[in-house]
There are 2 protein chains.
Amino acid sequence: MPSVDRLAMIKRFYRKYNRLPSYSEMLRLFHFASKKAVHLVVHKWIEEGLLKIDSNKITPTLRFFGLPLFGMIKAGFPILAEEDRQYLTLDEYLINDPNSSFLLKVSGDSMINAGIFDGDVVVVEQKREPVPGDIVLAEIDREWTLKIYKKDRRHRLAYLEAANPKYPPFYPTQELKIHGVIGGVVRKLAN
Amino acid sequence: MPSVDRLAMIKRFYRKYNRLPSYSEMLRLFHFASKKAVHLVVHKWIEEGLLKIDSNKITPTLRFFGLPLFGMIKAGFPILAEEDRQYLTLDEYLINDPNSSFLLKVSGDSMINAGIFDGDVVVVEQKREPVPGDIVLAEIDREWTLKIYKKDRRHRLAYLEAANPKYPPFYPTQELKIHGVIGGVVRKLAN
DNA sequence: CAGTATAGTAAACAAATGTTTACTTTGTCA
DNA sequence: TGACAAAGTAAACATTTGTTTACTATACTG
């Protein structure tokens with residue numbers, strides 16, 4: 001059994017249980033008879049930078065549970081050496097303040113020119129102050145909607161704009177509440 | 001110190017160290033003098049469904065580290081009761097097979113009509129078989145690019161198409177290699 | 001094929017884990 | 001103000017943690 005399989009095994013374990021297996025659990029997983037054998041493979045992973053020890057506890061590193069991020073350049077694709085790769089989690093990439101954010105599945109075509117399609121999921125940050133140009137989750141005259149936050153030059157009044165020429169700007173007749181600023185957009189492609 | 005602060009504290013701890021703090025660590029964090037006090041708050045969280053116990057180990061649930069996902073409906077916004085909320089992680093939402101995927105920062109405007117803008121990050125799934133219509137990471141005549149995978153009706157030949165009318169279709173003169181299918185698109189908005 | 005490094009077994013280790021018991025403080029509300 | 005529940009202290013508990021020692025099997029390598 002090559003060690004890469006073992007790595008895949010505890011990665012699967014980590015994704016399922018959201019924690020690393022203990023030595024005894026790995027012992028069962030890898031069909032070892034001695035914890036020394038586990039100790040060996042774990043410390044090999046530590047040397048490779050996949051795991052690390054803090055406060056005498058073994059924890060995964062970004063290299064363990066993140067995905068490598070590459071940059072696309074015009075001529076050719078940059079396959080970086082393992083040690084130069086940047087590893088990333090989509091959650092930490094997109095979500096600034098997890099305690100005051102939520103996800104929202106968008107419906108409608110009013111933001112297509114901003115690259116937000118029907119069915120996309122957006123990250124709504126509730127504590128962020130909107131500045132003109134931001135895409136916001138707003139409640140305009142008691143109706144919830146996703147639009148661009150704008151401010152009238154003369155009267156300094158806030159209004160909303162769609163990112164689709166077929167819709168006119170929206171000026172509130174009674175009230176305009178901004179419930180959050182969109183910090184990210186996520187789209188899952190077919191299958 | 002209200003208990004919601006303590007929850008925020010161990011959420012921060014979890015995001016920083018990718019594991020839950022032990023009782024002794026929480027003892028320090030919360031400035032408790034007895035592990036019994038820790039035990040109490042932990043088991044309150046377990047009852048609330050934020051944590052759970054498997055194999056005598058305390059682990060976080062989706063409710064703990066995920067974000068709630070809401071659906072947008074035309075008239076009004078559905079604020080669901082806590083127990084009806086669906087919790088989600090962007091990583092598990094977008095990434096099907098973490099072991100054979102990577103992230104790629106896109107440059108160029110050739111896919112704007114597919115809602116993929118310059119600077120967006122896409123999830124490339126290496127083991128997925130492309131079907132016509134899929135957006136793929138391809139190497140066409142030694143040049144890497146992100147395009148729509150197509151097949152010629154008559155000759156059954158594969159070619160590439162941009163999602164931007166200003167570019168013509170790309171027919172390979174020598175070779176066309178598909179290195180992966182795009183399974184998701186991610187865009188981080190300003191700041 | 002002999003020599004040697006690598007990978008594994010078996011058992012013992014201190015230290016840390018989460019739980020429990022018995023008791024005390026704090027806060028709430030009639 | 002008095003009663004009572006909730007929250008915390010202090011200490012002891014059995015288990016489990018990851019590490020280590022000494023020894024053995026396996027697999028390369030020249």
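So that the names make sense, note that chain A is the first sequence line, chain B the second, and so on, each numbered from 1.
Of the listed nucleotides (D/dA7, D/dT20, C/dG18), D/dA7 has the atom at the smallest distance from the side chain of B/Leu40. Candidate nucleotides C/dT17, D/dT19, C/dA10 were compared by shortest atom distance to the side chain of A/Lys36, and C/dA10 ranks first. Residue B/Arg6 places its side chain closer to D/dG8 than to any other of C/dT17, D/dG8, D/dT19. Distances were taken from every side-chain heavy atom of B/Ile53 (C-beta onward) to each of C/dT19, C/dT17, C/dG8; the shortest belongs to C/dT19.
Note on ring orientation: taking the six-membered ring where Trp is involved, the planes of B/Phe65 and B/Tyr14 are parallel (angle under 30°, cut-offs 30° and 60°). Note on ring orientation: taking the six-membered ring where Trp is involved, the planes of A/Phe77 and A/Phe70 are tilted (angle from 30° to 60°).
Of the residues near DNA chain D, B/Val41 and B/Lys57, the one whose nearest nucleotide (by heavy atom distance) lies more toward the 5' end is B/Val41. Taking the nucleotide of DNA chain D with the nearest heavy atom to each of B/Ser34 and A/Tyr23, the more 5' of the two is matched to B/Ser34.
Annotation: side chain to side chain contact (heavy atoms under 4.5 Å, CB included) contacts of B/Tyr171 (sequence neighbours excluded): B/Tyr159, B/Pro169.
One C1' atom belongs to C/dC13, the other to C/dT17, and the distance between them is 16 Å to the nearest Å.
Here D/dT19 presents its P atom at 7 Å from CD1 of A/Ile46, a figure rounded to the nearest Å. One interatomic measurement links the two molecules: CH2 of A/Trp45 to P of C/dA7, which rounds to 13 Å at whole-angstrom precision. As a whole-Å value, the separation of A/His39 NE2 from D/dT17 C1' is 13 Å. If you measure from atom NZ of A/Lys35 to atom P of D/dT19, you get 10 Å, rounded to the nearest angstrom. Per the geometry, CG belonging to A/Leu27 stands 14 Å off P belonging to D/dT16, to the nearest Å.
Distances shorter than 4.0 Å separate some side-chain N or O of A/His43 from OP1 or OP2 on D/dT19.
If you check every strand for non-hydrogen atoms under 4.0 Å, A/Ala37 touches a base.
Taking the ring centre of A/Phe117 as origin, the terminal cationic atom of A/Arg187 falls inside the region bounded by 6.0 Å and 45° from the ring axis.
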